[in-house]
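Okay, so here's the structure we're looking at.
All of these numbers come straight from a predicted model, not from anything done at the bench. Each chain gets a letter, A, B and so on, in the order its sequence line appears, and its residues count up from 1.
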2 protein chains.
Amino acid sequence: MNLRERKKQRTRDALLRAALELFATRGYEETTVDDIAAAVDVSQRTFFRYFAGKEETAFYVPRLAENQVVEAVRVRPPGEAPLEALRRAVLESWDTINETIEEIVPVELHLRVYRVIESTPALLAAHLRRATELEEELARIIAEREGLDVDADPRPRIVVALFGGVIRVTERLWSAGDDLTLEGMRQLTAAYLDQVGPALAGNWRTEQSP
Amino acid sequence: MNLRERKKQRTRDALLRAALELFATRGYEETTVDDIAAAVDVSQRTFFRYFAGKEETAFYVPRLAENQVVEAVRVRPPGEAPLEALRRAVLESWDTINETIEEIVPVELHLRVYRVIESTPALLAAHLRRATELEEELARIIAEREGLDVDADPRPRIVVALFGGVIRVTERLWSAGDDLTLEGMRQLTAAYLDQVGPALAGNWRTEQSP
DNA sequence: TGTCAATTGTCAGTGGCTGTCATTAGCCTC
DNA sequence: GAGGCTAATGACAGCCACTGACAATTGACA
């Protein structure tokens, strides 16, 4: 790796870290791109040469996690039912996500930024859009597993929509709660996915939820 | 109603219509607030006194439709299963949405704008965020119907997440297709909601989807 | 070492959006 | 119906995200 390449890498890392640190402490809207650039001592223009926009820095780490989930789903044995495959893939990939994140920024910082994403309208909106793109990708993978055509059979997209919906609900509840650890998120997700069956079964009033 | 009030109403309507017309023909990003203001012959500042932002104009009509759906769910007889109540509420309220829209703008214009929303990243993101807020509201209504506590029992949110997910899928498919009528949307939604059961049932490979 | 190409900084400009203040226009009372 | 009051508007200045263009710098490589 060149000196040039190394320098670029260092600038990129520095910008990313400075941005996330500022978002986590001061808030997203309260942080200007000039602030970030100044923290790393480069021009504002240089920031935009590394990131397409302020948003991109906030979603850099989450994107890594998402990619990992997609890979995990791809690798699931084809015998499993779709929802089961999705369930195992998330829970499993979150067991190893820690290291992936820590290579870039402290996990603790990432979790604080995650909370900022959930509580900042503009970021939440962007997050949800990314999520639907992810769902489309997952639907295609599921369809392929089952030997179906995504555009002809609604079922892959429906299952993925259900799954994605549950994930979003847990994300929101987790970020609003006070157990802001990866383990807490994992448990909440597992618990909610366990409730999918009961939620879709007959009469709720006859049986209490655990 | 005052002359003053009437004038305000006319300005608001004119701004809204001008905005939607421009979005539908030229595109959202290609339309500046100055363009909209100029079309109505008011200052840009005045535009921002009527609407919080450019986005708000794009979502004015959709918000009317959403409110109608929420009301329809509220009014559903408590005997119905949650998912069934949601299903009937949407399909039913879409039967009468036509008139509600036409009071503000031509339905045809609204449908064109809707397509712009789905194909413009920034608008799609905002739309999805609004949708999750709507889902939260629906979850509370469902919970109340069933005599449950939304924050203690995951099932209301899960059902609503599934429902919302299916709606989003159909919205996307509809706007990407070529039958851009309310009736087409209605049928697509009904068809997809009918597939929820099959999608969640056992082995997809044994039974073909209709 | 000198040449070439990539990286960066500077500057100017656009578009969304906000605060401020003076002007205008409808409203209401005497 | 004149005049004072208040709400609506316009004009202006400014912030922030983002982009294009061009010049200056800096690493790469012969």
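Scanning residues 115-133 of chain A for heavy-atom distances under 4.0 Å to DNA chain C yields an empty list.
Of the side-chain N and O atoms in A:Y50, none sit less than 4.0 angstrom from OP1 or OP2 of C:dT7. For A:T32, no side-chain nitrogen or oxygen approaches OP1 or OP2 of D:dC16 to under 4.0 Å. Listed pair B:T46 / D:dG10 meets the phosphate criterion, a side-chain N or O lying under 4.0 Å from OP1 or OP2. Between A:K54 and D:dC18 there is no side-chain polar atom (N or O) within less than 4.0 angstrom of OP1 or OP2.
Straight-line distance from the CD atom of B:Q9 to the P atom of C:dG26: 17 Å, rounded to whole Å. Remark: C1' of D:dC18 and CG of A:L15 are 16 Å apart, rounded to the nearest angstrom. Taking atom CD of B:E56 as the reference point, atom P of C:dT18 lies 11 Å away to the nearest angstrom. Distance, B:D34 CG to C:dG13 C1': 14 Å, rounded to whole Å. When the P atom of D:dC18 is taken as reference, atom CG of A:D35 falls 14 Å away, rounded to whole Å. For B:R6 and D:dA8, the CZ to P distance is 15 Å, given to the nearest whole Å. Here D:dA17 presents its C1' atom at 9 Å from OH of A:Y28, a figure rounded to the nearest Å. Taking atom CZ on A:R26 and atom P on D:dC16, their separation rounds to 11 Å, with Å as the unit.
Under 3.5 Å, the side chains of A:T96 and A:Q68 contain a donor-acceptor pair of N or O atoms. A donor-acceptor pair shorter than 3.5 Å can be found between the side chains of B:E183 and B:Q187. Checked by atom type, the side-chain pair A:E71/A:N67 shows no donor-acceptor distance below 3.5 Å.
In the helix from C:dT1-D:dA30 to C:dC30-D:dG1, the terminal helix axes, each the rotation mapping four pairs' C1' atoms onto the next four within five end pairs, subtend 0°, rounded to 10°.
The minimum heavy-atom distance between A:Y114 and A:H127, with the atom names listed, is OH-NE2, 3.8 Å.
A:F47 comes within 4.0 angstrom of nothing in the nucleic acid, heavy atoms only.
Taking 4.5 Å as the limit, some side-chain heavy atom of A:R63 sits within range of a side-chain heavy atom of A:R130. For the pair A:I101 and A:V105, the minimum side-chain heavy-atom distance is below 4.5 Å.
Note that CD of A:E171 and CE of A:M185 are 5.0 Å apart. Values are rounded to the nearest 0.5 Å. How far CD1 of B:I142 is from CD1 of B:I158: 13.5 Å, rounded to the nearest 0.5 Å. Interatomic distance, A:D153 CG to A:E146 CD, rounded to the nearest 0.5 Å: 10.0 Å. In this structure, CZ on A:F163 lies 5.0 Å from CG on A:L86, to the nearest 0.5 angstrom.
The side-chain tip of B:R115 does not point at the ring of B:F23 from less than 6.0 angstrom away and within 45° of straight on.
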Report, as a single string ordered 5' to 3', how protein heavy atoms within less than 4.0 Å touch nucleotides 19-27 of chain D: B base, S sugar-phosphate only, - not at all. BBB----BB
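A:D41 CG: 12 or fewer foreign heavy atoms inside a 6.0 Å radius.
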